[in-house]
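Just so we're on the same page: letters track the sequence lines, and every chain starts at 1. We use all heavy atoms of the structure for the numbers below, so side chains are in, but hydrogens, waters and symmetry mates are not.
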Protein chains: 2
Amino acid sequence: MDDIKAQLIDVAQTLIQKLGYNGFSYRDISAIVGIRNASIHYHFPTKADLGAAVAASYRERFMERLASAKEDETDTYNLLSFYASLFKEALDQDNRMCLCGMLSAEVSSLPDLVAVEAKRFLEENLDWLSRQFAIHANNGDGRLSEGPETEAALYMASLQGALILAKGLGDTGIFDRIAEAALGRYR
Amino acid sequence: MDDIKAQLIDVAQTLIQKLGYNGFSYRDISAIVGIRNASIHYHFPTKADLGAAVAASYRERFMERLASAKEDETDTYNLLSFYASLFKEALDQDNRMCLCGMLSAEVSSLPDLVAVEAKRFLEENLDWLSRQFAIHANNGDGRLSEGPETEAALYMASLQGALILAKGLGDTGIFDRIAEAALGRYR
DNA sequence: GTCTATAAGATGATAGAC
DNA sequence: GTCTATCATCTTATAGAC
C-alpha cells in the first residue's frame, strides 16, 4: 500500500475516533498530513470511500492482533484481559473511542459503505469472543451463566460502554474499574 | 416553558440521539418544526445553547422518571430492570442512542457547555444506581462482587454498550439479551 | 417572535495545469 | 500525484423589517 494512502487512513482513523465521522473533514486531514485537501480526493474519491477504508483497515489490524495474541497465550482468562487492553489503548491515546463503537453510535447518519464495515467489525469481534468463552466454559475454568454468544455480547458491550463513561466523565480510571469488574465474573 | 421552545428541544433531542451533535443542523429542525432557522436563534442564540438545554432537559426528565418509579416499586431488582427499559425505549423509537451516551462519545468535539451537561447526566445516573445497588446488597437479596459504585458503573456501561451493539449490528434483539444477562448477575 | 436577506466561513467535490 | 482554482451547497449566525 502507498505510503501516503496508509498515512491518510491512519490520520483519518484518529480523527474519527476522537471526533466521529461527522466531526472531521478533509481539511482537518490536510492540516495534519500537509497535503492539499483536493489531493485526498485522488486517493479516496469520496468521504465514504475513506471512511470505509479506515474501518476495514482498523478491523483487519484488530483481528490480526487478536490472532497473534492467541498464539502466545493459551489461558482464556488472560486472553479476555488482553482483549480489554486493546480498548484501553484507544483511551490512553488522546481519549479516543473504539473506532467502530463511535461509528455504530453514528450509524443512522453514515453512508452504507461505512456502516457495513463497522458492522463487520462487531460481528468478527463477537465471533472471536464467543469462541474464547466457549473454550473457557469447556475447560471448566469458570461457569458461564449465559451461552458463549451472550457472554461475548455482554463483555464487549461493557467495554464499549466503559469507553463512553470514561470519555463523558473525563475519568480514565473508571474504564479500568469497569473492565476489571466485567472480567472478574469469569475468574 | 414556551410551547415552541419545548418543541425545539424535543426535536433537537431526537436528532442528536439519531445523528449526533455534529450530525444535525438548525436547518434539520426547521424542516421538521416548520419555523425558519433564523427564528431558532431567537430561542437559542447558539447551537451550544440548544445542545446544553437539550441535555439538561433530558437529564431532568430521566431523573424524574427514576424518582417516580422509586415511589411505585420497592423491589430493587425490578427497579434495575426498569432502568434498563428506559434505555430500550430509545432504541425502540427509531433506533436512537441514549442522548448522553451519544454526546459522551462525541465529547472531544463538543462545546464545553454541552459536555458539562452530558457529564452531569452520567454522574446523577451513577449516583442513583449506586444507591439501588447499596440497598440491594444490604437487603441480602444478592451478593455484589464489587462495591455499589463499581456495580453501578458496570451496569450502566453494559446498557450504553448494548445500545451501540444494537445500532451497529442493526439488531434490536441483542440489546435485550445483553440487558437480561447484565441484570441476571443480581438475581 | 417570526420573517427575509445576507454574511462569512466550512464542506465535499471537480477541472485542468504542472 | 499534487497543485491551484473554483463550485455548489451547507452551516452557524446577524441585521433589520414586519
Side-chain angles (χ1 to χ4, degrees), chain A residues 1-55 57 102-103 106-118, chain B residues 1-55 57 102-103 106-115 117:
Chain A
M1 162 121 65
D2 254 324
D3 202 48
I4 177 70
K5 210 163 174 173
Q7 198 190 347
L8 291 173
I9 287 179
D10 186 59
V11 169
Q13 183 194 307
T14 302
L15 288 170
I16 297 175
Q17 285 182 271
K18 282 194 66 181
L19 314 174
Y21 181 84
N22 294 313
F24 89 102
S25 71
Y26 272 35
R27 219 187 170 213
D28 296 326
I29 301 180
S30 307
I32 296 168
V33 175
I35 192 181
R36 290 313 173 113
N37 88 53
S39 308
I40 304 173
H41 283 282
Y42 170 80
H43 300 280
F44 301 99
T46 71
K47 195 183 179 183
D49 291 324
L50 174 56
V54 168
S57 125
M102 178 67 91
L103 292 177
E106 292 180 292
V107 79
S108 305
S109 60
L110 247 41
D112 275 352
L113 257 187
V114 184
V116 163
E117 293 296 334
Chain B
M1 163 119 68
D2 254 325
D3 204 49
I4 176 73
K5 209 162 175 175
Q7 199 191 346
L8 292 173
I9 288 179
D10 186 61
V11 169
Q13 183 195 308
T14 302
L15 287 170
I16 296 175
Q17 285 182 271
K18 282 193 66 181
L19 314 173
Y21 181 84
N22 293 313
F24 90 100
S25 72
Y26 274 35
R27 216 186 173 213
D28 296 327
I29 301 179
S30 307
I32 296 168
V33 176
I35 193 182
R36 289 315 174 113
N37 86 53
S39 308
I40 304 174
H41 283 281
Y42 171 80
H43 300 280
F44 302 99
T46 71
K47 193 182 179 183
D49 292 323
L50 174 56
V54 168
S57 124
M102 178 67 91
L103 292 177
E106 292 180 293
V107 81
S108 306
S109 61
L110 246 42
D112 275 352
L113 257 187
V114 184
E117 293 296 334

Per-pair distances, 0.1 Å, donor-acceptor, side chain in residues 109-116 of chain A, under 3.5 Å, sequence neighbours excluded:
| residue | atom | partner | partner atom | Å |
| --- | --- | --- | --- | --- |
| A/Ser109 | OG | A/Asn22 | ND2 | 2.8 |
| A/Ser109 | OG | A/Glu106 | O | 3.0 |

Please report the closest heavy-atom contact between B/His43 and B/Lys5, naming both atoms and the distance.
O-CE, 3.9 Å
Heavy-atom closest contact (A/Met102 atom, A/Lys18 atom, distance)
CE-O, 4.1 Å
If you look at every strand shown and take non-hydrogen atoms under 4.0 Å, does B/Asp3 touch a base, only sugar-phosphate, or nothing?
nothing
Find out whether the Lys NZ or Arg CZ of A/Lys47 is both under 6.0 angstrom from the six-membered ring centre of A/Phe24 and within 45° of the ring's axis.
yes
Nearest heavy atoms of B/Ala53 and B/Phe44, plus distance in Å:
CB-CE2, 3.7 Å
Can you tell me how far apart OG1 (A/Thr14) and CG (A/Asp28) are? Round to the nearest 0.5 Å.
12.0 Å
Kindly state which residues belonging to residues 8-20 of chain A come within less than 4.0 angstrom of DNA chain C, counting heavy atoms of the residue only, listed by number.
none
Check every nucleotide of DNA chain C for an atom under 4.0 Å from a heavy-atom of chain B, then give the first and the last such nucleotide from 5' to 3'.
C/dG1 to C/dA5
For the residue pair B/Leu15 and B/Ile32, establish whether any side-chain heavy-atom pair is separated by less than 4.5 Å.
yes
List the protein contact pattern of nucleotides 4-14 of chain D with one symbol per nucleotide (5' to 3'): B for base contact, S for sugar-phosphate-only contact, - for none; contact means a heavy-atom distance under 4.0 Å.
BB----SSSBB
How would you list all residue pairs meeting side chain to side chain donor-acceptor pair (under 3.5 Å) that involve residues 31-41 of chain B, not counting sequence neighbours?
none
Identify, with sequence neighbours excluded, every residue that meets side-chain hydrogen bond (donor to acceptor under 3.5 Å, both in side chains) alongside A/Ser30.
none
Does any non-hydrogen side-chain atom of A/Leu50 lie less than 4.5 Å from one of A/Ile29?
yes
